[in-house]
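Since we're looking at a predicted model, the values are computed, not measured. Both ligands and their constituent atoms are indexed starting at 1 by order of listing.
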Amino acid sequence: MNPLKRLGRRRASVLALLAAAALVTPGTANGAPGTPDDVKASTLGAQAAQSGRYFGTAVAAGRLGDGTYTGILDREFNSVTPENEMKWDATERSRGQFTFGPADQIANRAQARGQRLRGHTLVWHSQLPGWVSSIRDANTLRSVMNNHITTVMNRYKGRIHSWDVVNEAFADGGSGQLRSSVFRDVLGNGFIEQAFRTARSADPAAKLCYNDYNIENWSDAKTQGVYRMVRDFKARGVPIDCVGLQAHFGTGGPPASFQTTLSSFAALGVDVQITELDIAQASPTAYANTVRACMNVARCTGITVWGIRDSDSWRASENPLLFDRGGNKKSAYNAVLTTLGGTPAAARSTPAAPGGKPAAPRNAVNAAALPSRYSWSSSGPLISPKPDSTHNIAGIKDPTVVHYNGKYHVFASVASSSGYNLAYLNFSDWSQAGSATHHYLDRSAIGRGYRAAPQVFYYAPQRLWYLVYQTGNASYSTNPDISNPNGWSAPRHFYSSMPDIIKQNIGNGHWVDMWVICDSANCYLFSSDDNGHLYRSQTTVGQFPNGFTNTVIAAQDSKYALFEASNVYKVQGSNQYLLLVEAIGSDGRRYFRSWTTSSLAGSWTPLAASESNPFARANNVTFPSGSWTRDISHGEMIRAGYDQTLTIPSCRLQYVYQGMNPNAGGDYNLLPWRLGLLTQTNSTC
Ligand code: XIL
């Protein structure tokens with residue numbers, strides 16, 4: 001946002017009109033018109049991502065030196081489950097002595113490649129060290145179990161999308177009861193509830209799963225036992241988010257009732273995931289039936305196969321996987337890809353190019369996870385200023401938001417005739433956003449004076465929340481507890497002064513809207529100059545927040561076409577990053593253009609980047625509760641996580657933005673900005 005702008009709204013509109021002719025520069029004007037949203041992909045992960053699902057595999061740390069193995073892993077899969085490395089016997093072999101080397105190796109490697117991580121598993125009777133199974137005292141076992149859950153989850157906090165909190169606790173056969181284990185025998189049936197409650201407080205963002213085998217057939221007593229437990233947990237508010245069905249099948253594949261089982265669990269209000277799929281002899285039909293059942297259930301969010309090649313399988317003699325011992329795709333692979341909606345390589349047309357050589361297959365690269373056209377539905381104004389005796393606020397602006405610990409945490413600029421500062425509010429549901437208390441952060445060590453356009457994220461390597469904002473310089477404060485408005489540190493600057501390249505290009509603009517995003521190696525700091533330039537500096541993950549250097553122009557266009565308020569995100573389950581930049585349209589109104597790239601330090605390719613095909617503009621937003629704004633201005637996406645990777649979902653996007661009464665005008669600082677929420681209406685999943 002540009003608080004120093006002194007243009008009245010009318011004057012801004014006229015200038016924008018004048019600039020409209022120059023708005024479009026070659027190569028950045030339009031998205032890729034006509035690119036179908038349902039373009040077929042050529043790999044399992046990319047195709048699953050098109051419906052918002054992941055396709056994963058179990059990974060063994062000991063095989064990561066095998067190039068055939070890692071080649072397939074990185075080409076095909078966008079989620080990874082450590083096969084044994086996070087189990088109790090691997091992580092806490094003796095009491096209180098934790099080992100994370102092999103698990104870290106898998107987790108760091110996956111993160112570096114943008115693959116998601118499943119955590120497997122915290123409480124399980126098997127692969128359990130003898131020192132745990134011999135405990136007989138309930139208090140001791142309870143504290144040992146809670147400490148194990150907390151320590152392992154903390155290690156990977158914010159990095160694991162789903163955790164198998166409890167594995168295989170139910171008995172086979174007709175009882176429908178828990179099996180005998182040290183946990184049940186010493187702690188009683190309540191150990192599962194205890195484990196889930198502990199897990200929720202350890203990593204509130206991870207989905208908490210109960211995982212088991214032989215629960216795929218709906219009428220089985222074991223399935224019904226698990227179903228009753230999940231129903232009871234949901235009824236009593238015990239935290240549980242998903243059921244993992246291992247799906248270790250015999251030659252016939254899934255039972256006929258498999259989809260019924262998935263949808264019945266889902267109807268309880270949990271996700272379902274196929275967590276350890278393998279099928280004796282890998283019949284293509286059996287695999288297709290399994291995948292189809294998941295595709296037919298909206299809350300079936302992903303599939304993991306239990307290994308890559310047959311030779312990697314714990315059931316190697318049954319050849320149950322998708323790749324043979326040589327790493328070649330088996331016919332079951334094609335059946336899975338087709339059922340996910342993709343096109344196997346052999347079925348692709350490879351028209352001959354002039355000269356007779358076959359042209360490269362059109363779909364050889366991973367398909368884009370994001371569509372190239374957008375439509376949205378907007379809420380009415382959800383958050384309005386709440387002035388108090390010392391804060392005479394006229395507008396609330398520039399929201400940043402994370403969902404953490406069951407709450408939305410929103411930070412925003414508050415504007416008044418005396419200038420800008422920051423406010424914080426939290427709420428568990430958007431319907432309560434309007435009644436949330438506004439905490440003015442000038443009462444914290446952030447202090448008074450010009451502070452604006454915040455961005456919040458959790459920096460996992462330091463276990464600290466960061467609030468990045470503008471003060472004239474690019475500044476930040478930190479806080480160990482996002483929900484404590486008094487916990488923020490005094491502002492510190494990222495740079496000693498404005499980088500030279502910005503001084504040389506800023507013209508009459510303003511240095512605004514600082515934005516940090518990190519991949520596994522580096523952090524990048526983006527900023528705008530209200531003069532057509534997006535800048536990018538970089539430092540290493542280890543050095544952050546220090547060491548930002550190598551400032552370059554990451555994107556440029558005419559002044560109003562690339563104005564300010566940029567957001568950069570990682571798209572979940574893909575290798576894509578998304579850039580949004582606010583522009584001023586030919587009607588003088590604010591809107592967003594979008595670009596993608598596969599590397600944060602790379603160049604940006606237009607996605608939906610024009611006035612006629614915008615990312616978000618009044619012309620692709622409907623207002624079911626009344627059209628209250630024509631500006632879709634400075635805001636932020638609702639993220640899938642809350643850490644420094646700024647990961648967003650690839651579908652059902654939601655964007656919190658600032659809008660205002662189109663008839664308002666006058667002093668820029670007194671404009672009546674309000675916050676609303678866009679929800680994507682053309683999502684394909
Ligand atoms: C298996 C691994 O694949 C083997 O390498 C290991 O020797 C035993 O465990 N259910 C589960 C998985 O939850 O953890 C198991 O994995 C397979 C059955």
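- A salt bridge links Asp271 with Arg299: the distance from a Lys NZ or Arg NE/NH1/NH2 to an Asp or Glu carboxylate oxygen falls below 4.0 Å.
- When each of Val297, Asn217, Ile274 is paired with Phe258, the side chain to side chain contact (heavy atoms under 4.5 Å, CB included) condition holds for Ile274 and for no other.
- Taking atom 1 (C) of ligand 1 as the reference point, the nearest protein heavy-atom neighbour is Lys87 NZ, 3.7 Å.
- Atom numbering of ligand 1 starts at 1 in the shown order; those under 4.0 Å from a heavy atom of Asn167 are 11 (C), 13 (O).
- The pair Arg155-Asp104 meets the salt-bridge criterion, since a charged nitrogen lies less than 4.0 angstrom from a carboxylate oxygen.
- The closest non-hydrogen atom to atom 10 (N) of ligand 1, taken over Gln127, Glu83, Glu276, comes from Glu276.
- At a heavy-atom cutoff of 4.0 Å, ligand 1 is contacted by no atom of Thr121, backbone or side chain.
- In Trp124, the part holding a heavy atom less than 4.0 Å from any atom of ligand 1 is the side chain.
- At most 12 non-hydrogen atoms from other residues, nucleotides or ligands lie less than 6.0 angstrom from NZ of Lys407.
- Among Gln246, Arg315, His120, Met86, the residue whose heavy atom sits closest to atom 14 (O) of ligand 1 is His120.
- For the pair Arg309 and Asp66, the salt-bridge criterion is met [side-chain N within less than 4.0 Å of a carboxylate O].
- When hydrogens are left out, the protein atom nearest atom 7 (O) of ligand 1 is Asn84 OD1, 4.3 Å; that is the closest non-hydrogen contact.
- Of all the atoms in ligand 1, the ones that sit under 4.0 Å from a non-hydrogen atom of Glu168 are 10 (N), 11 (C), 13 (O), 18 (C).
- Between the side chains of Glu76 and Thr43, no donor N or O sits under 3.5 Å from an acceptor N or O.
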